[in-house]
Amino acid sequence: MLSIQYFASIRETLDRNVEQLELPRNVTSVQMLIDHLLIANPHFEAVFKESSRSKGSKVLVAVNQTIVGRNHPLSENDEVAFFPPMTGG
Amino acid sequence: MLSIQYFASIRETLDRNVEQLELPRNVTSVQMLIDHLLIANPHFEAVFKESSRSKGSKVLVAVNQTIVGRNHPLSENDEVAFFPPMTGG
Amino acid sequence: MISIQNEDFSLGDEYAAIRRRAGDAGAIVTFTGLVREVYGDGSTAGAVQSLTLEHYPGMTEKCLKDIQHKAEQRWPLLATRIIHRVGELTSCDQIVLVATASAHRHAAFESAQFIMDYLKSEAPFWKKQKSEQGSSWIKSRDTDKAALDRWQKP
Amino acid sequence: MISIQNEDFSLGDEYAAIRRRAGDAGAIVTFTGLVREVYGDGSTAGAVQSLTLEHYPGMTEKCLKDIQHKAEQRWPLLATRIIHRVGELTSCDQIVLVATASAHRHAAFESAQFIMDYLKSEAPFWKKQKSEQGSSWIKSRDTDKAALDRWQKP
C-alpha cells in the first residue's frame with residue numbers, strides 16, 4: 001500500500017490529510033500518480049493542474065521524506081507527500 | 001598642555017601610562033611629537049623606531065580619540081595616545 | 001541537537017547548555033525568529049492574531065538533521081542546537097532557535113546563517129496566520145530561495 | 001545601548017531586554033565571545049590561566065557608538081546591544097556580547113557580524129594572556145583586518 005499525505009493549503013483544499021492507495025500496475029512515477037489521482041478525484045484539479053493554479057502556488061512532492069521531481073519512480077509501500085513551498089523559520 | 005597616554009605593550013615597554021607635555025613651538029604634527037619624544041627619552045626607540053620593532057608590532061596613534069596618521073597636525077590641549085593594534089572582542 | 005516542540009524555549013537556558021557542551025568555544029551565535037505583529041507579504045493586512053505552524057513529522061527531523069550535518073561538514077563546529085516550534089503561536093512568540101558554537105566567530109556566524117537559510121527553504125514547515133481579515137497561508141518568498149545561492153557558489 | 005564593564009553579563013537577561021525594546025522584531029541575533037583555553041596565535045603555548053583586558057576609556061565608548069551608528073545606517077535595526085568586559089578574566093569567561101534585532105534575519109545576522117568585525121579592528125581593547133609559560137600580549141590577526149574588506153566593497 002502506498003501512503004499519501006497532504007499538508008497545509010493542499011490539505012485544506014483537498015479536505016484530506018492522509019490516504020492509503022493500492023498502487024495500480026501502470027502507475028510507476030510521481031507524474032503517473034498525479035494523473036491517476038486526477039481521474040479518481042476530479043476536484044483535485046484545483047491543486048494539481050498547472051493551468052488552474054495561481055502563480056506561486058507550486059506543489060512539491062516528497063517520496064519517502066525526500067523532495068523529488070515528477071519523474072521520480074514509485075514503488076509499493078512508498079510514502080508520498082504533497083505540499084506547498086515551505087514557510088518555516 | 002598636551003596629554004599623552006600609552007596603552008598595552010607600549011605602556012609596559014615605556015613604563016608609563018600618561019604624561020603631560022608643554023607642546024614645543026616647533027612640534028606641529030604627530031611625527032614631530034614622536035621625534036621630540038625620542039630625543040627627550042632615548043629608550044623610546046624600542047617602541048617608535050621602525051628599524052628596532054619586530055614585524056607586526058605597529059604603533060597606532062590617536063589624537064582626541066580618533067586614529068590618525070603621522071602627518072596629523074597637533075594643537076595645544078590635544079589628547080594623544082599611542083598603542084599597538086587592537087585585540088578586543 | 002534538534003527539537004520540534006509545541007512548548008516555548010528559554011534562550012538563556014539553551015545558551016547555557018550549548019556553552020557547556022561546546023567546551024573550548026570562542027564564539028557562540030544564536031538566532032531567534034519571532035512572530036511579527038504584521039506580515040509584510042501582502043497576503044493579509046491587519047495585525048496577526050495567531051500563527052499556526054504545521055509540519056511534516058518525520059521528514060522535518062530528517063531534514064533538520066541533514067542541514068545540521070551539512071553545516072558541520074562545512075565549518076568546524078563544537079556544538080549546534082535547533083529548536084522549531086509547531087502549533088498555535090501568537091504575536092511576539094518565539095518560533096525558532098538556531099545556535100552554533102565554534103572556536104572563531106566567522107564559523108559560528110556563517111553556520112547559523114546557513115542553517116537558517118536552508119531551514120527556511122527546505123524544512124517542511126508551513127505558517128498560517130489569522131487576523132481580523134481572516135485566515136491565510138503565508139506565501140514563500142523568493143528572497144529565501146535567493147539566500148541559498150550564496151552557499152552554492154563553487 | 002553600550003556597556004564597558006568588569007562584571008559578567010547574563011545572555012538570557014540581555015536577550016529578554018532587547019526583545020522588549022525591539023518591539024515588532026522578527027529576528028534577533030546574539031554573538032558571544034568567550035575566553036578560550038588555548039590561544040592559537042602562536043604567541044604562547046599552554047593553557048590560558050587568565051586574560052586581562054585593557055582599554056582606552058573614553059575612546060572605547062566613542063568608537064563603539066560610531067560602529068553601532070554605522071550599522072544602524074546600513075540596516076533597518078530595531079535595537080542593538082553591545083557589552084564588552086574589561087579587567088581580569090579566566091578560561092571560558094564571557095568577553096563580549098553583540099545583539100541585534102530587526103524585522104528580517106538577513107539584517108540581524110549581517111549587522112551583528114559587521115559590529116563584531118569593526119569592534120575587533122577598531123575598538124581600543126587589548127588582551128594579555130597569562131599561562132604557565134608566562135605573560136604575553138595577544139597579537140592582532142591579519143584575518144581580522146581582512147574581515148573588514150567585505151563591508152567596504154562599493
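Computed from a predicted model, the values in this text were never measured in an experiment. Within every chain, numbering begins at 1; the chains are lettered A, B, ... in the order of the sequence lines, protein sequences first and strands thereafter.
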Heavy-atom neighbours of A/E76 CD exceed 12 at 6.0 Å: no

Greater than 12 external heavy atoms within 6.0 Å of A/N71's CG: no

Interface moiety of A/A62 toward chain C, non-hydrogen atoms closer than 4.5 Å: side chain

Mutual orientation of the aromatic rings belonging to C/W126 and A/F7 [parallel < 30°, tilted 30-60°, perpendicular > 60°]: parallel

Residue among A/G88, A/S9, A/A8 with most heavy-atom pairs under 4.5 Å to chain C: A/A8

Least distance between heavy atoms, A/T87 atom then C/I138 atom: CG2-O, 3.2 Å

Pick from C/K62, C/K128, C/E122, C/H55 with the largest number of heavy-atom pairs that fall under 4.5 Å of chain A: C/K62

CH2-CZ distance between C/W137 and A/R11, expressed to the nearest 0.5 angstrom: 5.0 Å

CG (A/D15) with more than 12 external heavy atoms under 6.0 Å: no

Contact summary for A/I67 and C/M59, nearest pair of heavy atoms: CG1-CE, 3.8 Å

